[in-house]
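Below: the structure, in structure tokens.
Index from 1, following the sequence.
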Amino acid sequence: ALIREALSKALPLIDESTDPFFRLNMYLIASGRFRELGDIENAEKCDDAIQTYIRACELDPSAHADQLEAAASVLDSEAWAYVQVPISDRRPSSATDSIIEPQACSDESFEKSQKLRLRALALLDKLGPESHLRRKAHRDMALWYQALGKTELARAQKEILFDMVGIHSDEILYPQCLGCGHLAWWKVASTLKMVGCGMG
């Protein structure tokens, strides 16, 4: 009863939020909680709000980056429910860590997850080729396919990324560490100037 009351009070607050990332992800969380309580009506209201926003982004050629990021984020979260593949932003620390073992999943789960991820990717493809969000989405998709043993699909995503960046090397799949926690994406080591920690 207390959970139901909290959720009923939360929905109007979600509606009022002007932050699309917060609003969509809160709707997704609320939908899951409503379903756990057996309240399908309110769960579907949350789902409808999410889908309405995503469709609007898909139809709007001038959607802003923050709107596209929010829509893509919630689609990626929905995809995670079908296939869980952790994708790190950090380069593997050893040779054995760099070997991504294919994850086991059913064809049905793969197809459902892939459909959602490709829908998210299509949204971010509205951004320019210099966009970090767009580049990283293709990079993550390549690593996702690789983790699932889909070698050709992974290669195709990497080629799209390489064309955007202008560097055809797996080295750009992970950021370069400059020291003191600084990272440089989409660069190769030979082009970077290292940061001297503690040099004042």
*If you group Ile, Leu, Val, Met, Phe, Trp and Tyr by side-chain heavy-atom gaps below 4.5 Å, do Leu28 and Tyr82 land in one group?*
yes
*So how far is it from Leu116 CG to Ile54 CD1, rounded to the nearest 0.5 Å?*
8.5 Å
*Determine, step by step, whether His138 and Leu124 satisfy the side-chain contact (heavy atoms from CB on, under 4.5 Å) criterion, reporting the C-alpha distance in whole Å, the side-chain angles of both residues, the deciding distance to 0.1 Å, and the verdict.*
CA-CA 9 Å; His138 282 282; Leu124 296 178; over 6 Å; no
*asked:* Within the 4.5 Å heavy-atom criterion, are Gln176 and Trp186 side-chain neighbours or not?
replied: no
_salt bridge (Lys or Arg N to Asp or Glu O under 4.0 Å) between Asp140 and Arg117, worked out_ = CA-CA 10 Å; Asp140 289 353; Arg117 291 184 66 90; 5.6 Å; no
*Decide, yes or no, whether a salt bridge links Asp107 with Lys112 under the criterion of side-chain N to carboxylate O below 4.0 Å.*
no
*asked:* Tell me which one of Glu69, Glu58, Arg134 satisfies side-chain contact (heavy atoms from CB on, under 4.5 Å) with Leu123.
replied: Glu58
*Please answer: with hydrophobic residues joined when any side-chain heavy atoms are less than 4.5 Å apart, are Ile87 and Leu118 in the same cluster?*
yes
*If you group Ile, Leu, Val, Met, Phe, Trp and Tyr by side-chain heavy-atom gaps below 4.5 Å, do Leu183 and Leu133 land in one group?*
no
*So, the side chain of Ser77 versus the backbone of Ser73: is there a donor-acceptor pair under 3.5 Å, distance only?*
yes
*Please list, chain by chain and in numerical order, all residues satisfying side-chain hydrogen bond (donor to acceptor under 3.5 Å, both in side chains) with Ser62, sequence neighbours excluded.*
Asp60
*Roughly how far, to the nearest 0.5 Å, is the CD1 atom of Ile50 from the CG atom of Leu75?*
9.0 Å
_With rounding to the nearest 0.5 angstrom, report the CE to CG distance, Met164 to Leu127._
10.0 Å
_Whether over 12 other heavy atoms sit under 6.0 Å from His132 NE2_ = yes
*Could you grab the distance from atom CD of Glu111 to atom OG of Ser106, nearest 0.5 Å is fine?*
8.5 Å
*Relative to Phe110, does Lys115 satisfy both conditions: NZ or CZ under 6.0 angstrom from the six-membered ring centre, and within 45 degrees of the ring's axis?*
no
*Where is the tightest heavy-atom contact between Ser109 and Val83, given as atom of each residue plus distance?*
O-CG2, 3.5 Å
*Within 6.0 angstrom of Tyr53 OH, more than 12 heavy atoms from elsewhere*: yes
*Rounded distance (nearest 0.5 Å) linking atom CG of Asp66 with atom CG of Asp19*: 8.0 Å
*Ile167 and Leu143: same hydrophobic cluster, using ILVMFWY side-chain contacts below 4.5 Å?*
yes
_Any non-hydrogen side-chain atom of Asn42 less than 4.5 Å from a side-chain atom of Leu37?_
no
*Going by an N to O cut-off under 4.0 Å, is there a salt bridge joining Glu171 and Lys187?*
no
_For Ser17 versus Arg23, what's the shortest heavy-atom pair and its separation?_
O-NH1, 2.6 Å
*Minimal non-hydrogen separation, Val85 against Trp144, with atom names*: CB-CD1, 3.7 Å
*Does any N or O in the side chain of Thr52 come within less than 3.5 Å of the main-chain N or O of Asp48, such that one atom is a donor and the other an acceptor?*
yes
*Which atoms form the tightest heavy-atom contact between Ala63 and Cys57, and what is the distance?*
CB-O, 4.2 Å
*asked:* Does Ile3, at its CD1 atom, have more than 12 non-hydrogen atoms belonging to other residues, nucleotides or ligands within less than 6.0 Å?
replied: no
*Can you find a pair of side-chain heavy atoms, one from Trp185 and one from Arg139, that are under 4.5 Å apart?*
yes
*asked:* Do the side chains of Arg155 and Glu159 get close enough for a salt bridge, i.e. N-O under 4.0 angstrom?
replied: no
*Sub-3.5 Å donor-acceptor pair from the side chain of Gln84 to the main-chain atoms of Trp80, do we have one?*
yes
*Glu16 side chain to Leu13 main-chain N or O, any donor-acceptor pair under 3.5 Å?*
no
*Compare every heavy atom of Lys158 with every heavy atom of Ala142, then report the nearest pair and how far apart it is.*
CB-CG, 3.6 Å
*Same cluster for Val188 and Phe162 if Ile/Leu/Val/Met/Phe/Trp/Tyr side chains link at under 4.5 Å?*
yes
*Charged N to carboxylate O under 4.0 angstrom, Arg33 versus Glu36?*
yes
*What heavy-atom pair brings Ala137 and Leu121 nearest, and what distance separates the two atoms?*
CB-CD1, 3.4 Å
*Partners of Gln114 by side-chain hydrogen bond (donor to acceptor under 3.5 Å, both in side chains), sequence neighbours excluded?*
Tyr145
_Please report the interatomic distance CD1(Ile14) to CG(Asn25), rounded to the nearest 0.5 Å._
10.5 Å
*asked:* Would Arg35 and Asp39 count as a salt bridge (Lys or Arg N to Asp or Glu O under 4.0 Å) here? Give the steps.
replied: CA-CA 6 Å; Arg35 288 186 189 283; Asp39 188 344; over 6 Å; no
_Check: Val74 and Phe21 side chains under 4.5 Å, non-hydrogen atoms_ = no
